[in-house]
There are 4 protein chains.
Amino acid sequence: MISDADRADQMGQATREKLKQFIARIERLEAEKAELAADIREVYAEVKTFGFDSKVLRKCVSLRKKEPAERAEEEALLDMYMDVLED
Amino acid sequence: MISDADRADQMGQATREKLKQFIARIERLEAEKAELAADIREVYAEVKTFGFDSKVLRKCVSLRKKEPAERAEEEALLDMYMDVLED
Amino acid sequence: MISDADRADQMGQATREKLKQFIARIERLEAEKAELAADIREVYAEVKTFGFDSKVLRKCVSLRKKEPAERAEEEALLDMYMDVLED
Amino acid sequence: MISDADRADQMGQATREKLKQFIARIERLEAEKAELAADIREVYAEVKTFGFDSKVLRKCVSLRKKEPAERAEEEALLDMYMDVLED
DNA sequence: TCGGAAATCAAGACCC
DNA sequence: GGGTCTTGATTTCCGA
């Protein structure tokens, strides 16, 4: 089956409108996402003014996303590798 | 200078609270950001059900994002040339 | 599946050697890469002694890098459209 | 003093040649640098086929670049923050 | 559908 | 101190 959308040069007006609406929705959502990213950057900047280490804080956030088991696993592996390499 | 925040075992209760609040804010913002990302994925999925090619659509969106940036960059180069040639 | 490499304390001597060799290779390649970066910086410095503006030169180089990429990208989009429209 | 290079529209042929040569040298060096980056990626890919965890390996390489003292410092701070946040 | 490779983007380091 | 470079993370794309 070949939909209207598969035939750009035959696109009906309704289909063209639909396409524009999708693009508009996506771009609006992406704009909101970009704003949130900016907000997050702002918080990290504020965090610094309180004397916290933002790099370490970022690591905290990322560690908290992971399961503790997974976290321990990776650390153990890292220690093993470092141990092999240390001499 | 070593701030209170740099030495957790000397952290006052207020500072500890502050730290928790910052993390909470960041994690909330990141959760919202993740939701938007999910929404965007959803739109692309819906787009497909209308017979549009989501890959093409993604490329369109990304090109629309880049074009203004490129124009700005070329203008910047032009400005630099003008600057070099002026006086 | 858990490979030998995933369990360092069970790592045979051969595997430990392998790990060391990989790290050595990577660190050597990274050192070479760093040297090239230094060489490039040097050229830009030399460029200045000839009266050229290194900032402008950098921008030129970066634009020259991007232009083929952009062209390729636009062509890719065009190809996708053609693909959608063909059959 | 205004050098030849400062007046692009008055550039003598020799100066133009010099400029082209500089660009050529820079682009060649950057190409070599890009190749090394590709080589490094390749090694990490090969590493995986031996059962090593390339992500952890990357971390090893980056840790080995840092001073042990610095490393310990960051880890201590991380532990403190995580401790504050864990309840 | 999922995992891995690659591209893209933001953040930190570094040099001027 | 501004700007570039590099690195690390996120996202996207592809193959199994």
Side-chain angles (χ1 to χ4, degrees), chain A residues 26 29-30 33-45 47-48 53-59 61-63 65-66, chain B residues 26 30 33-34 36-41 44-45 53-63 65-66 69-70 73 76 80, chain C residues 1 26 29-49 53-63 65-66 69-70 72-73 76 80, chain D residues 26 29-30 33-34 36-49 51-67 70 74:
Chain A
I26 289 165
L29 289 169
E30 292 205 342
K33 187 154 148 294
E35 275 199 44
L36 281 172
D39 290 347
I40 291 168
R41 268 198 303 283
E42 223 179 298
V43 176
Y44 277 114
V47 146
K48 266 192 214 167
D53 184 322
S54 70
K55 185 159 144 272
V56 175
L57 223 49
R58 276 176 197 277
K59 185 154 274 294
V61 170
S62 107
L63 282 177
K65 275 184 209 164
K66 293 183 194 175
Chain B
I26 289 165
E30 292 207 341
K33 185 155 152 289
L36 281 172
D39 289 348
I40 291 169
R41 266 196 304 280
Y44 277 114
D53 183 321
S54 71
K55 189 170 144 219
V56 175
L57 221 50
R58 276 177 197 276
K59 194 119 211 140
C60 286
V61 170
S62 110
L63 279 184
K65 216 186 302 186
K66 265 180 219 166
E70 283 162 26
E73 205 165 10
M80 286 195 280
Chain C
M1 167 260 196
I26 288 165
L29 289 169
E30 292 205 340
E32 286 177 36
K33 186 152 146 301
E35 276 200 42
L36 281 172
D39 290 348
I40 291 169
R41 246 178 288 127
E42 224 178 297
V43 176
Y44 277 114
E46 192 187 348
V47 145
K48 268 194 214 163
T49 71
D53 183 323
S54 70
K55 188 170 145 219
V56 174
L57 219 50
R58 275 177 197 275
K59 195 113 208 145
C60 286
V61 170
S62 110
L63 279 183
K65 214 186 302 183
K66 265 177 218 169
E70 284 162 26
E73 207 165 6
M80 286 195 280
Chain D
I26 289 165
L29 289 169
E30 293 206 341
K33 188 146 111 18
L36 281 172
D39 289 348
I40 292 169
R41 267 198 304 281
E42 223 179 299
V43 176
Y44 278 113
E46 191 187 351
V47 145
K48 266 193 215 166
T49 69
F52 296 106
D53 183 322
S54 70
K55 186 159 141 274
V56 174
L57 223 47
R58 275 178 199 276
K59 185 154 275 293
C60 286
V61 171
S62 108
L63 281 178
R64 283 161 61 88
K65 278 185 205 164
K66 291 184 193 174
E67 288 304 310
E70 188 188 353
E74 279 190 13

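Lettering of chains follows the sequences in order, A, B, ..., and the numbering in each one begins at 1.
Among the protein residues, C/Lys48 comes within range of the sugar-phosphate backbone only, with heavy atoms under 4.0 Å from sugar or phosphate atoms but none that close to a base. Within 4.0 Å of A/Lys65, counting heavy atoms only, lie sugar-phosphate atoms of the nucleic acid but no base atom. The residue D/Lys33 sits close only to the backbone: its heavy atoms come under 4.0 Å of sugar-phosphate atoms, none of a base. Counting non-hydrogen atoms under 4.0 angstrom, C/Ala37 reaches the backbone sugars and phosphates but no base.
Of the inter-residue distances, the one linking D/Cys60 atom SG with D/Asp53 atom CG reads 9.5 Å to the nearest 0.5 angstrom. To the nearest 0.5 Å, atom CD of residue D/Glu42 and atom CD1 of residue D/Ile40 are 11.0 Å apart. Note that the OG atom of D/Ser54 and the CZ atom of D/Arg41 stand 12.5 Å from one another [nearest 0.5 Å].
With rounding to whole Å, A/Lys59 atom NZ is found 11 Å from F/dT10 atom P. A straight line from CE of B/Met80 to P of F/dG3 spans 11 Å, rounded to a whole angstrom. The CG-P distance, from A/Leu36 to F/dT11, rounds to 12 Å in whole Å. Counting to the nearest Å, the P atom of F/dG8 and the CD1 atom of D/Ile40 are 12 Å from each other. Distance, C/Asp53 CG to F/dG3 P: 13 Å, rounded to whole Å. In this structure, A/Ile26 atom CD1 and F/dT11 atom P are separated by 16 Å, rounded to whole Å. As a whole-Å value, the separation of B/Leu57 CG from F/dC13 P is 11 Å. Atom P of nucleotide F/dT7 and atom CG of C/Leu29 are separated by 13 Å, given to the nearest angstrom.
Ranked by how close their nearest DNA chain E nucleotide is to the 5' end, A/Lys55 and C/Glu73 are led by C/Glu73. The residue among B/Glu30 and C/Tyr44 whose nearest nucleotide of DNA chain F lies closer to the 5′ end is C/Tyr44.
Taking 4.0 angstrom as the limit, B/Arg58 places a side-chain polar atom (N or O) nearer than this to OP1 or OP2 of F/dT12. Using a 4.0 Å cut-off, some side-chain N or O of D/Ser62 falls inside it from OP1 or OP2 of F/dG8. Taking only side-chain nitrogens and oxygens, C/Arg41 never comes nearer than 4.0 Å to OP1 or OP2 of F/dT4.
Environment of CD in C/Glu35: sparse, with no more than 12 heavy atoms of neighbouring residues, nucleotides or ligands closer than 6.0 Å.
Here B/Lys66 pairs with C/Glu73 in a salt bridge; the nearest charged N to carboxylate O distance falls below 4.0 Å.
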